[in-house]
Amino acid sequence: MPGFEVLGEEERSEILDVLSRKILLRYEFDKERQGIYKVAEFEKAFAEYCGARWALAVSSGTAALRVALAALGIGPGDEVITQGFTFVATWEAILDIGAVPVFAEIDDTLCLDPEDISSRITPRTRAIIPVHMCGGQARIEEIIAEACRFDLPVIEDTAQSCGGRIRGKHVGTYGRMGTFSFDSVKTMTTGEGGMVLFQDEETYIRASEYHDHGHDHDPTVGRGLEKRNFIGFNFRMMELQGALGLAQLRKLDRAILAPQRENKRRIQEALSEIPQVKLRSSPDPEGDIASFLMFSLPTAEQARAFAQVMKDAGCPPVYWYENTWHYYGHWEHLLDGKTPFRSGYPFKTPEGAARCTYDPDALPRTAERLSRCLTIPIQIRMEEQIPKIIAAVQKAARIL
């Protein structure tokens, strides 16, 4: 995920523009900043790019999830359904706000399976968070339809698929909210940072207040005289991040996604010649951002053998089944209920009773799919790598 690959003079110019005014906070200091509000400008540009009505920039993709959940009023006693193949931040945000994550299976998109949602719903379910994993798209229209059956809001975790579309409509704009990450290895980067997209103003205002210690952002008074409608926390993005975001957004389609897609196409052609290889399913292959090329072999044994040959050739693929950050079966801190708190929270109540427990074998279909799945990371500058990867793929194909 290569936003850092195109960092250059445009980003430098935007940052120097901020430093010349010496104002790093996104709010206040109107006279000193001479009308320049980089974060606000970035929010407006990102909302327009995605086709959303409102956008709120925050300090990280994790913060984006946390703020989105708070804006919906989700907290202790609530449950939120998500998938067992995602980065840990998705369920960390749910636990951190006091709710309980409920994990569902993935389908052949390697995202949340719409058909597994209804079996996970309980009287305590308050939201669903599908994750558009690894540059692809979940079957979000089907997920939304299923959520509507139970009158549940959907928060799209789009941290890994910024710029992705389904028949022209941006992922992250289907649900009640969409969250994005701009960390150091994401498709576009601000070092750290994130964004929340909204379709209704009321939820946007609640999120905006919550992410800024509850400030009601009253334009008729100074910041020090603003009131609070409820408690909040600090998840603000600062002006330097906003400046980086503006420069990266201008490059996203042309300088990041276009070469990425071409690089993926070249490698995918070689994979498509192998009968035993099945490419990842997608609601709209043209809208995939091409940050990863994901494919499956008929058995786990063949996947491991294929991966070993590629590794020996100097081009190791990612084997998510053994990954400790993205796969449910290896989240030992979740499965073992490890916490820094003396009370055992969030896995135990203050009285010591079990609050939530997790079975490592609870998602057999997810485990089976990931055991057969291999992934080739795609970058922008791969001129020397692509021939080596294709040669490694062709060599591995001979063992099947």
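Just so you know, these numbers use all the heavy atoms, side chains as well, and skip hydrogens, waters and symmetry mates. Small disclaimer: the values here were computed from a predicted structure and weren't measured.
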(request) Could you label the plane-to-plane angle of the Trp91 and Trp331 rings as parallel, tilted or perpendicular, counting under 30° as parallel and over 60° as perpendicular? (result)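 Tilted.
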
**Request:** Anything under 30° is parallel, anything over 60° is perpendicular, the rest tilted; go ahead and classify Phe347 against Tyr358.
**Result:**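 Ring orientation, 0 to 90° scale: perpendicular.
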
Stacked cation flag Arg369 on Tyr321, 6.0 angstrom / 45 deg:
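Geometry flag: not set, cation outside 6.0 Å or 45°.
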
**Request:** Check the angle between the aromatic planes of Phe182 and Phe42 and answer parallel, tilted or perpendicular using the 30° and 60° thresholds.
**Result:**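 Plane angle between 30° and 60°, so tilted.
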
* Just do the salt bridge (charged side-chain N to carboxylate O under 4.0 Å, His left out) check on Arg223 and Asp212 with the steps written out, would you? => CA-CA 11 Å; Arg223 184 169 169 81; Asp212 185 28; 2.7 Å; yes

### Residues Arg165, Asp288: salt bridge by 4.0 Å N-O rule
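No, this pair does not count.
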
Pairing donors with acceptors under 3.5 angstrom, does anything connect the side chains of Ser291 and Gln160?
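On atom types as modelled, these side chains do not qualify, holding no pair under 3.5 Å.
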
- Task: Assess the side chains of Tyr49 and Arg250: does a donor N or O sit below 3.5 Å from an acceptor N or O?
- Result: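 Tyr49 vs Arg250: no donor-acceptor pair found between side chains.
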
Note to self: Quick check on side-chain contact (heavy atoms from CB on, under 4.5 Å): which of Leu65, Asp157, Thr90, Ile155 does Thr82 satisfy it with?
What the structure shows: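 It is Thr90, the one option of Leu65, Asp157, Thr90, Ile155 that forms the side-chain contact (heavy atoms from CB on, under 4.5 Å) with Thr82.
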
Got a sec: does the CD of Glu202 have more than 12 other heavy atoms crowding it under 6.0 Å?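 Incorrect, the count does not exceed 12.
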
task: Test Ser208 against His217 for side-chain hydrogen bond (donor to acceptor under 3.5 Å, both in side chains), laying out the working first.
output: CA-CA 9 Å; Ser208 176; His217 300 149; 3.1 Å; yes

Passing candidate, salt bridge (charged side-chain N to carboxylate O under 4.0 Å, His left out) with Lys251, options Glu11, Glu9, Glu5:
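Checked Glu11, Glu9, Glu5 against Lys251; only one passes salt bridge (charged side-chain N to carboxylate O under 4.0 Å, His left out): Glu11.
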
- Task: Mind listing the closest non-hydrogen atom pair of Pro259 and Ile380 along with its distance?
- Result: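 Pro259 and Ile380 have their closest heavy atoms at CG-CG2, 3.8 Å.
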
* To do: Kindly confirm or rule out a cation-pi arrangement of Lys169 over Tyr174, judged by NZ or CZ under 6.0 Å from the six-membered ring centre and within 45° of its axis?
  =>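 Pair Lys169/Tyr174 counts as cation-pi.
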
message: For Asp108, give me all partners under side chain to side chain donor-acceptor pair (under 3.5 Å), at least two apart in sequence or on another chain.
response: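 Asp108 satisfies side chain to side chain donor-acceptor pair (under 3.5 Å) with Arg139 only.
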
Task: Check ion pair Arg266-Glu262 (N to O, under 4.0 angstrom) - done: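 No, Arg266 and Glu262 are not salt-bridged.
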
Next on the checklist: I want to check something: taking the side chain as every heavy atom from C-beta on, are Phe198 and Arg53 in contact at a cut-off of under 4.5 Å?
Outcome noted: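 No; the side chains remain at least 4.5 Å from each other.
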
Criterion side-chain contact (heavy atoms from CB on, under 4.5 Å) against Val39, the qualifying member of Met238, Met237, Gln241:
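Between Val39 and the candidates, side-chain contact (heavy atoms from CB on, under 4.5 Å) is satisfied uniquely by Met237.
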
Classify the side-chain pair Gln379/Asn263 by whether it contains a donor and acceptor separated by less than 3.5 Å.
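Distance-only check fails for Gln379 and Asn263.
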
So Cys111 and Phe85, do their side chains get closer than 4.5 Å, heavy atoms only?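 Side-chain contact under 4.5 Å: no.
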
Working for salt bridge (charged side-chain N to carboxylate O under 4.0 Å, His left out), residues Glu384 and Lys388: CA-CA 7 Å; Glu384 295 182 5; Lys388 296 177 183 177; 5.1 Å; no

* Residues in side chain to side chain contact (heavy atoms under 4.5 Å, CB included) contact with Arg167, at least two apart in sequence or another chain ->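 Listed in chain order: Glu141, Asp284.
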
query = In terms of the angle between their ring planes, are Phe46 and Phe180 parallel, tilted or perpendicular, with boundaries placed at 30° and 60°?
reply =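 The rings of Phe46 and Phe180 stand perpendicular, inter-plane angle above 60°.
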
Item to complete: Would you verify whether the NZ or CZ of Arg33 falls within 45 degrees of the ring axis of Tyr37 while also being under 6.0 Å from that six-membered ring's centre?
Response: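 Because its charged atom sits under 6.0 Å from the ring centre and within 45° of the axis, Arg33 does stack over Tyr37.
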
Please confirm whether Tyr327 and Phe87 have ring centers closer than 6.0 angstrom.
->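 No, the ring centres sit 6.0 Å or more apart.
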
**Message:** Between Gln199 and Thr173, do the side chains contain a donor N or O and an acceptor N or O under 3.5 Å apart?
**Reply:**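 No pair is found: no donor N or O on one side chain lies under 3.5 Å from an acceptor on the other.
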
Requested in this report: Go through Glu301 and Arg372 one step at a time and tell me if the salt bridge (charged side-chain N to carboxylate O under 4.0 Å, His left out) criterion holds.
Outcome: CA-CA 8 Å; Glu301 291 74 20; Arg372 296 185 294 107; over 6 Å; no

Under 4.5 Å side-chain linkage, directly or through intermediates, the cluster mates of Val221: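 Answer for Val221: Leu225.
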
Q. Checking ring pair (Phe, Tyr, Trp, His ring centres under 6.0 Å) for the pair Tyr27/His215: CA distance, chi angles, key distance, verdict?
A. CA-CA 11 Å; Tyr27 295 112; His215 278 268; 7.4 Å; no

